[in-house]
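Order of the sequence lines fixes the chain letters, A, B, ..., with proteins taken first and strands second; residue numbering starts at 1 for each chain.
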Amino acid sequence: MLMSLNRFTHPLAAFGKTVTRNSVYLVALLLLALKFVLVLTAASMAGGVEDALCHWDCKWYLGIINHGYDVEPSSTPGMDQANWAFFPLYPAISAIAARLTGFPGFWSGTLVSFVCAVGITIVSIFYRIETRPTSRLGNWVIFLVLYPFGLYFLFVYSESIYGFLLLLLLYKFERQAQAGTVISAGLLAATRPTGVLSFPFVTLALFYRLYQSLRAGLDARTTLHSVINQIFLFLLMPLGLALFLLYLFYLVGDPLAFAHVEIAWGRELHNPLKQIWWGLNLNDFGAALHGESGVFDALIALFGLGVAGWLAKRRHWLESWMLAVTILLAFSAGRNSIVRFTFANPVFMLGVGDFIDWIKPLSIRLLLALMALIVQAYLLEGWFHNSNFLR
Amino acid sequence: MIMRNLWIKLIASAVLSSGYLLILWLILHPRTSEEYRDHYLTRTSDCWYAAPSGTPADPSDTIDFSGIPDREACRFLRYGWASATQRGSEARLTTLTLRIPFKPGVTAIQLEFSQPPVHAEEADISLVGGSNRPTVHVGPQPQPEVTIPVDTSSVNDNQWLFQFVVDDGSASKVHQTNLDPGVRHIALKAIHYLR
């Protein structure tokens, strides 16, 4: 009986036969580990692993992992240099890992990212089984490994932990596990500001659940229990974010220091649709390779929103919401890093994974896999050389 | 057991709600340093002056910006100035502010400028606040100096505040806020307290 439950009946397209679910995980993790080793090897040949892999936000995270948050910015006129904009969960876990293992900050951050990449792999397989029962998991596993922007999950960036927590949130939500959903949303909001965007959706779901149970005509005691339980879960959700705000107050006297430093960097919130329209009218496509093209960034945002629309059409509401509002919020504060916010978002990957799954001819899938491999190598090379396009 | 869980959740909810209300209050009433307020909340300074603990000492009667680190220069050059070079600190924006600590017995402030080597720029400088609000004009001489009379009526928060409006000769100056970063601009070389 147990054996039959453990059997997974979807064929692994790459192998063309029925395999157990455990085999899927094993193959996925082996491929991920292989990719990790290849990236580290390539980095070591490109002038040292840390020098080749640690750019842009990695430096900020390393600063927090090694020295904590700044008490004040440096003084260069017009250039604010304080690290309060970076939310604490990823650097905090990395700092704890550094203490426990004795690794330097870079390696403990890399370790945390890799462990979360393993989490992304496992939870995404669980989640696809739950939400896309007819999809071919073999395709997904290969896609996960070959997807070019999956490289971010191996860097000292919060992409990996954010992706893991977002998928965990989606999975718990799908399973209607309320406590798990709320805790995932709370941790997500302690990782990045965009994590807060899950709150409205989760809150709505919590109170809809309450409404449903109240309508079911429960006795007074059970009703009271339901009300208190839902209110408690609702209040638990922002705890991580609240602790960060309190810490910022303790540090600099302003709980919103993370937002004020962003504004001082010029990342004020504007109407994102106007921003996209403005980007489309810039006529600077030639600057795309330098990461300075407004048209290119606006097109990427539109593409991401298109994928969100596609997910909504397939009734993956929370996925669609999280992708759309993340892109809109990111673009409203400026088009910096929109490539990363869109393409390294696991929800975007789920949407693209659906598309890959929809392609039937093996030859086209193989061609796409080859292209993904080439693009991945190109991006890695660009990353080694500090390419602005990837920041 | 169920009732006990219920009470725990109820008390936890009350604690969390109170905590969030406290944070909301702290958001509305930040308790920051003066420098943080100027730099992040009111945006009246675009640099960071790392004031030593306690009251900073009175500046000397001549402050030469050609040999002063950014962190120290920010005590005076509050908004719109670039990092100091040998020429002094260049204007980065068309509207700039300068803060000069009050010193008793001072009757005027003299400002010494360096003009850019290729084209001359002009600026209007006005003292902010007080009953007497003189405005002086910096002309196109290579090493212009201007003297602005000051008195105690214009002292605000133990300092004199000056506003600069720079005209670099560009046609679009009305809407321009950033000066062209590719060329040299007028630079403030030194401040002298006159008695």
Exercise. Tell me, with the steps shown, if B:Trp48 and A:Gln81 meet side-chain contact (heavy atoms from CB on, under 4.5 Å).
Key: CA-CA 10 Å; B:Trp48 185 274; A:Gln81 300 285 339; over 6 Å; no
Self-check item: Greatest number of heavy atom pairs closer than 4.5 Å to chain B - which of A:Asn229, A:Leu233, A:Leu245
Solution: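 That would be A:Asn229.
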Exercise. With sequence neighbours excluded, tell me which residues meet side chain to side chain contact (heavy atoms under 4.5 Å, CB included) with B:Leu22.
Key: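 Scan of B:Leu22 (side chain to side chain contact (heavy atoms under 4.5 Å, CB included), adjacent residues dropped) gives B:Leu26.
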Self-check item: side chain to side chain contact (heavy atoms under 4.5 Å, CB included) against A:Ile64, all qualifying residues, sequence neighbours excluded
Solution: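 With neighbours one apart ignored, the set is A:Tyr69, A:Asn83, A:Phe86, A:Pro91.
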Quiz prompt | chain B contact residues among residues 178-190 of chain A, heavy-atom distance under 4.5 Å | solution = none
Nearest 0.5 angstrom please: [X] [atom1] to [Y] [atom2], how far?
X: A:Asp254; Y: B:Thr32; atom1: CG; atom2: OG1; value: 7.0 Å
X: B:Leu6; Y: A:Phe232; atom1: CG; atom2: CZ; value: 11.5 Å
X: A:Phe249; Y: B:His29; atom1: CZ; atom2: NE2; value: 11.0 Å

Side-chain touch [X]/[Y], heavy atoms, less than 4.5 angstrom:
X: B:Arg71; Y: A:Glu72; answer: yes
X: B:Tyr20; Y: A:Leu239; answer: yes
X: A:Leu246; Y: B:Ile23; answer: yes

Enclosure of [X] [atom1] (heavy-atom neighbours >12, cutoff 6.0 Å):
X: A:Gln212; atom1: CD; value: yes
X: A:Phe207; atom1: CZ; value: yes
X: A:Arg215; atom1: CZ; value: no
X: A:Phe234; atom1: CZ; value: no

Quiz item: Residues of residues 7-18 of chain B under 4.5 Å from chain A (heavy atom pairs)?
Solution: B:Lys9, B:Leu10, B:Ala12, B:Ser13, B:Leu16, B:Ser17
Self-check item: Part of B:Leu41 lying under 4.5 Å from any heavy atom of chain A
Solution: side chain
Practice problem: Could you check whether the rings of B:Tyr36 and A:Trp84 sit parallel, tilted or perpendicular, using 30° and 60° as the cut-offs? | Solution: tilted
Practice problem: Against chain A, work out which of B:Gly80, B:Pro30, B:Ser89, B:Ser45 has the most heavy-atom pairs shorter than 4.5 Å and name it. | Solution: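 Option with the top pair count is B:Pro30.
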